[in-house]
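Here is the structure we will look at, set down as structure tokens.
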Amino acid sequence: MNIVLLSGGSGKRLWPLSNDIRSKQFIKIFKKEDGSYESMVQRVYRQIKKVDKDATVTIATSKAQVSSIHNQLGEDVGISIEPCRRDTFPAIALATAYLVDVKGVDPNESVVVCPVDPYVDDDYFEAIKALSEQADRGEANLVLMGIEPTYPSEKYGYIIPKDAEDVSIVDTFKEKPTADVAAQYISQGALWNGGVFAYKLSYVLNKAHELIDFTDYNDLFAKYDTLTKISFDYAVVEKEKKIQVMRFNGEWKDLGTWNTLTEAMEENVVGKGILNDKCKGVHIVNEMDVPVLAMGLTDVVISASPEGILVSDKEQSSYIKPFVDSFEQQIMFAEKSWGNFKVIDVENASMTIKVTLNAGHSMNYHNHEYRDEVWVIISGTGRTVVDGVENPVKPGDVITMKAGCKHTIFADTELKLIEVQLGESINVQDKKKFEL
């Protein structure tokens with residue numbers, strides 16, 4: 001089974017846990033059987049491999065998310081990187097070309113495209129497998145998953161099938177309606193459009209060649225920034241005549257807001273937090289090392305991270321995006337392929353960061369033109385390379401690098417350090433990478 005997971009967006013509706021680098025799908029908020037936590041993307045990837053251990057999983061995403069994906073899923077997962085945002089049709093066309101030209105998948109094989117962040121049970125991926133098999137039969141060029149509605153939602157588009165069979169020809173599509181109109185659609189047998197569909201790779205490749213002048217994956221990637229922004233629904237789905245829908249009647253939730261996310265949480269407190277017995281329907285998600293105490297609150301979400309603190313009525317939490325857009329703040333936390341960092345303090349001419357390197361990983365060999373750096377090792381062991389000279393490091397060691405000095409660090413075990421950046425101009429652009 002071939003699956004493309006669409007992973008985009010900045011997830012500002014889940015601020016302060018999500019930001020421009022760490023989207024909502026990377027927040028570790030779901031408790032596993034062993035007591036540890038996993039993110040949406042880890043949960044979905046685990047479920048796919050449980051249903052089909054040989055599944056080829058490709059994540060279509062932006063360059064900003066690649067480090068987080070490798071950090072959470074490892075190096076084996078396929079990634080189709082969008083050089084810039086051009087909406088879903090170019091993204092899906094690029095991922096399709098990636099599967100054929102880079103991964104060597106037969107164009108006659110089918111692929112299922114779905115969002116990376118639904119909250120679902122394993123039967124959802126059993127249904128996706130069936131969707132792929134239906135596409136293999138070639139009865140239609142596109143096979144969509146139609147989700148049985150549980151209420152007349154205004155948040156989703158609707159698919160109206162011709163009949164009530166498990167697999168049906170699609171009669172028409174409807175845009176996001178009002179609740180009253182949605183109720184009318186449901187009475188006609190309408191299904192939610194969850195953005196899940198299957199097709200043979202050759203079908204979308206042919207569509208892409210009709211709309212875009214390119215030869216192969218590398219050519220498409222090179223001219224990606226010149227492509228017109230257009231959705232897959234508008235470019236392909238709404239114009240396709242041979243299209244089927246397969247019903248899905250299992251659990252399916254779109255966890256796009258704090259209100260819906262907390263509904264899926266198994267516990268009310270993640271991190272350091274206490275609710276007194278007068279609290280009802282209150283959730284705390286705290287990534288800080290200080291405790292949060294809530295007393296006598298009802299239907300409230302409290303979330304704290306290095307990015308900020310949110311205290312909101314759950315229903316009102318759906319409307320935080322314009323407020324978050326008004327904030328001018330640098331990224332305070334991010335996951336990288338080698339580990340993660342958290343900004344501790346920012347002054348006019350200095351920045352202090354806590355860095356965690358995973359065992360066996362290293363930073364890029366690099367320098368900075370306009371700032372000095374000091375590393376203080378606080379745990380773990382490893383090796384530094386400073387201007388070509390290698391030295392072992394242990395807790396308590398201090399390494400000083402002047403501006404222009406090339407440097408990196410390798411972690412033999414998990415290694416934590418405090419990095420102090422010193423200079424009148426401190427910014428992410430001041431970094432030049434070198435081969436070691």
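- In this structure the side chain of Ile353 never reaches within 4.5 angstrom of the side chain of Ile344, judged on heavy atoms.
- Checked against Ser39 for a side-chain hydrogen bond (donor to acceptor under 3.5 Å, both in side chains), the options Lys24, Glu335, Arg22, Gln72 give a single hit: Gln72.
- When all heavy atoms of Arg85 and Lys229 are compared, the closest pair comes out as O-CE, 3.4 Å.
- Between Lys432 and Glu369 there is no salt bridge, since no side-chain N of the basic residue sits under 4.0 Å from a carboxylate O of the acidic one.
- From Phe232, atom CZ reaches atom CD1 of Ile92 across 5.0 Å, with rounding to the nearest 0.5 Å.
- Side-chain contact between Lys278 and Met295 is absent, with no heavy-atom pair separated by less than 4.5 Å.
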Next item on the list: Before giving the answer on ring-ring contact (aromatic ring centres under 6.0 Å, His included), spell out for Phe248 and Tyr124 the whole-Å C-alpha distance, their side-chain angles and the decisive distance to 0.1 Å.
Entry: CA-CA 8 Å; Phe248 176 67; Tyr124 172 85; 5.7 Å; yes
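- Rounded to the nearest 0.5 Å, atoms NZ (Lys394) and CD1 (Ile377) are 10.0 Å apart.
- Within the 4.5 Å cutoff, side-chain heavy atoms of Arg86 are placed close to those of Tyr224.
- Checking Asp123, Asp121, Ile128 one by one against Phe125, the side chain to side chain contact (heavy atoms under 4.5 Å, CB included) holds for a single residue, Ile128.
- Put simply, the side chain of Leu17 reaches to within 4.5 Å of the side chain of Ser303, judged on heavy atoms.
- Taken to the nearest 0.5 Å, the OG1 atom of Thr356 stands 4.5 Å off from the CG atom of Asn340.
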Margin query: With side chain to side chain contact (heavy atoms under 4.5 Å, CB included) as the criterion, how do Lys174 and Ile160 come out once you've worked through the C-alpha distance, each side chain's angles and the decisive distance to 0.1 Å?
Written below: CA-CA 8 Å; Lys174 299 293 185 181; Ile160 299 181; 3.9 Å; yes
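- Put simply, the side chain of Leu415 reaches to within 4.5 Å of the side chain of Val393, judged on heavy atoms.
- Considering all non-hydrogen atoms of both residues, Asn268 and Val282 come closest at ND2-O, 2.8 Å.
- Ring-centre distance between Trp192 and Tyr151: below the 6.0 Å cut-off.
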Next item on the list: Check the pair Gln134 / Val167 against side chain to side chain contact (heavy atoms under 4.5 Å, CB included), numbers first and verdict last.
Entry: CA-CA 9 Å; Gln134 182 63 25; Val167 178; 3.9 Å; yes
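- Separation of atoms OG1 (Thr96) and CG (Leu94) is listed at 8.5 Å; rounding is to 0.5 Å.
- Checked against a 6.0 Å centroid threshold, the rings of Phe221 and Tyr98 do not count as neighbours.
- In terms of heavy atoms, Gln330 sits closest to Val343 at NE2-CG2, 3.9 Å.
- Side-chain atoms of His283 and Lys314 include a donor-acceptor pair closer than 3.5 Å.
- Checking Ser7 against Gln25 by side-chain atom types alone, a donor-acceptor pair falls below 3.5 Å.
- The two atoms that bring Val4 and Ala95 nearest to each other are CG1-CB, 4.0 Å, heavy atoms only.
- Looking at Asn286, its side chain does come within 3.5 Å of a backbone N or O of Val290 through a donor-acceptor pair.
- Between Trp338 and Phe410, a ring centre-to-centre spacing not shorter than 6.0 Å is recorded.
- Ring geometry for Trp375 versus His407: interplanar angle over 60°, hence perpendicular rather than tilted (30 to 60°).
- For the 3.5 Å distance criterion, the side chains of Asp233 and Ser231 fail to qualify, holding no donor opposite an acceptor.
- Annotation for Pro161 and Ile159: closest pair CD-O, 3.4 Å, computed over non-hydrogen atoms.
- A pairwise comparison of heavy atoms in Ala411 and Asn358 identifies CB-O, 3.5 Å as the closest pair.
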Margin query: Lys176 vs Glu154, test: side chain to side chain contact (heavy atoms under 4.5 Å, CB included). Steps then yes/no.
Written below: CA-CA 6 Å; Lys176 298 174 183 178; Glu154 302 174 13; over 6 Å; no
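- Judged by the 6.0 Å and 45° rule, Lys28 forms no cation-pi pair with Tyr37.
- With no hydrogens or angles considered, a side-chain donor-acceptor pair links Ser425 and Asn427 at under 3.5 Å.
- Between the side chains of Ser23 and Gln65, at least one donor N or O sits under 3.5 Å from an acceptor N or O.
- Atom CD of residue Gln421 and atom CG of residue Asp372 lie 10.5 Å apart, to the nearest 0.5 angstrom.
- With 3.5 Å as the limit, one finds no donor-acceptor pair spanning the side chains of Thr61 and Glu82.
- Contact annotation: the side chain of Tyr158 approaches that of Ser153 to within less than 4.5 Å [non-hydrogen atoms, C-beta and beyond].
- Using modelled atom types and a 3.5 Å distance limit, the side chains of Ser318 and Asn259 yield no donor-acceptor pair.
- By the 4.5 Å heavy-atom criterion applied to side chains, Leu261 and Phe30 are counted as neighbours.
- Applying the ring-ring contact (aromatic ring centres under 6.0 Å, His included) criterion to Phe327, with sequence neighbours excluded, gives Trp15.
- A heavy-atom distance below 4.5 Å is found between the side chains of Thr260 and Lys155.
- For the atom pair OG (Ser62) and CD1 (Ile69), the distance works out to 8.0 Å, reported to the nearest 0.5 Å.
- Just one residue in the list Leu310, Ile284, Val311 forms a side chain to side chain contact (heavy atoms under 4.5 Å, CB included) with Val300, and that residue is Val311.
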